[in-house]
Amino acid sequence: MDRSPTREVTIVSPPPPPVTVIGIGADGWDGLGPAAREALRTAEVVIGGRRHLGLLPPECHGERVPWPSPLRPAVPGLFAAHTGRRVCVLASGDPMFFGIGRTLAELLGAERLRVLPHPSSVSLACARLGWALEETEVISLVGRPLATLNRELYAGRRLLVLSAGAETPAEVAGLLGDRGFGPSRMRVLEQLGSVGERCVEGTAEKWPHSPGDPLNVIAVDCAPADGARPLSLAPGLPDTAYDHDGQLTKRQVRAATLAALAPAPGELLWDVGGGSGSIAVEWMRAHRTCRAVSVERDPVRAERIGRNAAALGVPGLTVVTGAAPDALAGLPIPDAVFIGGGLTAPGVMEACWAALPPGGRIVANTVTLESEALLADRYRRHGGDLVRLAVSHATPVGAFTGWRQAMPVTQWSATKPLDSRGPGGHAADSAGSVEAAQGETR
């Protein structure tokens, strides 16, 4: 009898074939390189928009699958249904520039992708205009509010606007006129790279053209009208920039508060007790990738916050109507928290501190003695900075001028220490921190 030990055999499955993502321009098949053409000829499945799929010649025999709507939730299931098959994805221009490539990298993993880009519409537009690409601001209005443009309007700036359709140029012209940039020169470049390419132009205030081709890019040479006063990107906008009912962090205090919060690209702010939303708005204006959630219990004020955000070019600000700390439950983990109202509400300070990851920042402002006592206690427990901000304004006193002092603001700011990590170096209880803090205070 053979008593030799049994050997275990491990069968390693071959990795799935890569998903080839191919950028295609308005010139269609003729504009593709040899590698892109070969991938499309041998693909078993080609996924893309109906317009893109219609650009393929008969020699591409793969099954043609149009994108479902809504797209993003359907992506994992769509690719799972074609596991093991050679799949190509068609996208406009450079798939990694405001394109489907980013979504696929996030959902499928960058290692599964083989990307073959085509010159983007932005590259083609700059080539036609003689603009330096690195000095040109690009704003996409595809699936984004028109108000996104409000943040970008400054004298002498060159903008390329990725259009959402044939109506977008007239909408952009209207917004420029409303914002005091009516003299701006506009050029609309249609069907870039195709035999039907054309360019029409005019000024925003006298835009003469009817809707044209939906495949267009809008070039704007920003020029303000006489008397227009564009707003700075630095913190501390004039108080008059906001619609408010008095619940507004005033200009000088707001600038000091933003300096303490220290926004960085990609970071998320919780603005608790939003009032008019000024802190969240100026946090997002610091960089286009900054994100913010403004929590406001008063529905009228919450609606006003949304209007202020749109008017000042950050319509992506998320507004949550509800009272903290309950309204904080389930929000994404913040990099920084500002508490501008509701400090004395049970559990608010605890929930905000617990929600912060190690290295996260918190800033709280108050003008009352009761809340000041809470901040002093937090300062004793967590350190940081405790400062009093006093601002005076020159005002008439009869025929003379004197100082009128505003109510002093007490501000506590602190950074959560890195040693607050849990086992393995992770933030302690980051996912359930708000709920845990609420439970401790009830």
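Numbers here are sequence positions counted from 1. All figures in this text were calculated on a predicted structure; none of them were measured in a lab.
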Fill in: Under 3.5 Å: donor-acceptor pair, side chain of N150, backbone of L312
no

Item to complete: Supply the atom-to-atom distance C88 SG to R114 CZ, rounded to the nearest 0.5 angstrom.
Response: 8.0 Å

Fill in: Ion pair D213/R198, N-O distance below 4.0 Å
no

Worksheet entry | Any pair counted as ring-ring contact (aromatic ring centres under 6.0 Å, His included), so long as it reaches residues 194-235, sequence neighbours left out | W207-H209

Worksheet item: Do side-chain atoms of K250 reach the backbone of L248 as a donor and acceptor pair under 3.5 angstrom?
Response: yes

Item to complete: Mind checking the OG-CG spacing from S121 to L160? Nearest 0.5 Å is all I need.
Response: 8.0 Å

Discussion item. Any salt bridge linking R179 with E152? Criterion: basic side-chain nitrogen under 4.0 Å from a carboxylate oxygen.
Written reply: no

Worksheet entry | Whether S184 side chain and A223 backbone form a donor-acceptor pair below 3.5 Å | yes

Worksheet entry | Derivation and outcome, salt bridge (Lys or Arg N to Asp or Glu O under 4.0 Å), residues D298 and R304 | CA-CA 10 Å; D298 186 307; R304 186 182 291 119; over 6 Å; no

Worksheet item: Among pairs that include at least one residue of residues 336-367, which meet ring-ring contact (aromatic ring centres under 6.0 Å, His included), considering only residues two or more places apart or in two chains?
Response: W353-H382

Worksheet item: When rounded to the nearest 0.5 angstrom, what is the spacing between CZ in R102 and CG in L113?
Response: 14.0 Å

Fill in: Atom CZ of R158: over 12 foreign heavy atoms under 6.0 Å
yes

Worksheet item: Judged by modelled atom types alone, do N216 and S163 share a side-chain donor-acceptor pair under 3.5 Å?
Response: yes

Fill in: Under 3.5 Å: donor-acceptor pair, side chain of R285, backbone of S232
yes

Practice prompt. Starting from the C-alpha separation in whole Å, work towards a yes-or-no answer on salt bridge (Lys or Arg N to Asp or Glu O under 4.0 Å) for R128 and E197.
Written response: CA-CA 11 Å; R128 304 295 189 267; E197 179 179 320; 2.7 Å; yes

Practice prompt. Check the side chains of T410 and E372 for a donor-acceptor pair under 3.5 angstrom, ignoring hydrogens and angles.
Written response: yes

Review item, side-chain donor-acceptor pairs of residues 355-363, under 3.5 Å, at least two apart:
unit_1: R361; atom_1: NE; unit_2: L261; atom_2: O; d: 3.0
unit_1: R361; atom_1: NH1; unit_2: E267; atom_2: OE1; d: 3.4
unit_1: R361; atom_1: NH1; unit_2: E267; atom_2: OE2; d: 3.1
unit_1: R361; atom_1: NH2; unit_2: L261; atom_2: O; d: 2.9
unit_1: R361; atom_1: NH2; unit_2: A262; atom_2: O; d: 2.7
unit_1: R361; atom_1: NH2; unit_2: E267; atom_2: OE1; d: 2.6

Fill in: Backbone N/O of L231 and side chain of Y154: donor-acceptor pair under 3.5 Å
yes

Worksheet item: Taking the side chain from D94 and the backbone from G23, do they hold a donor-acceptor pair closer than 3.5 Å?
Response: no

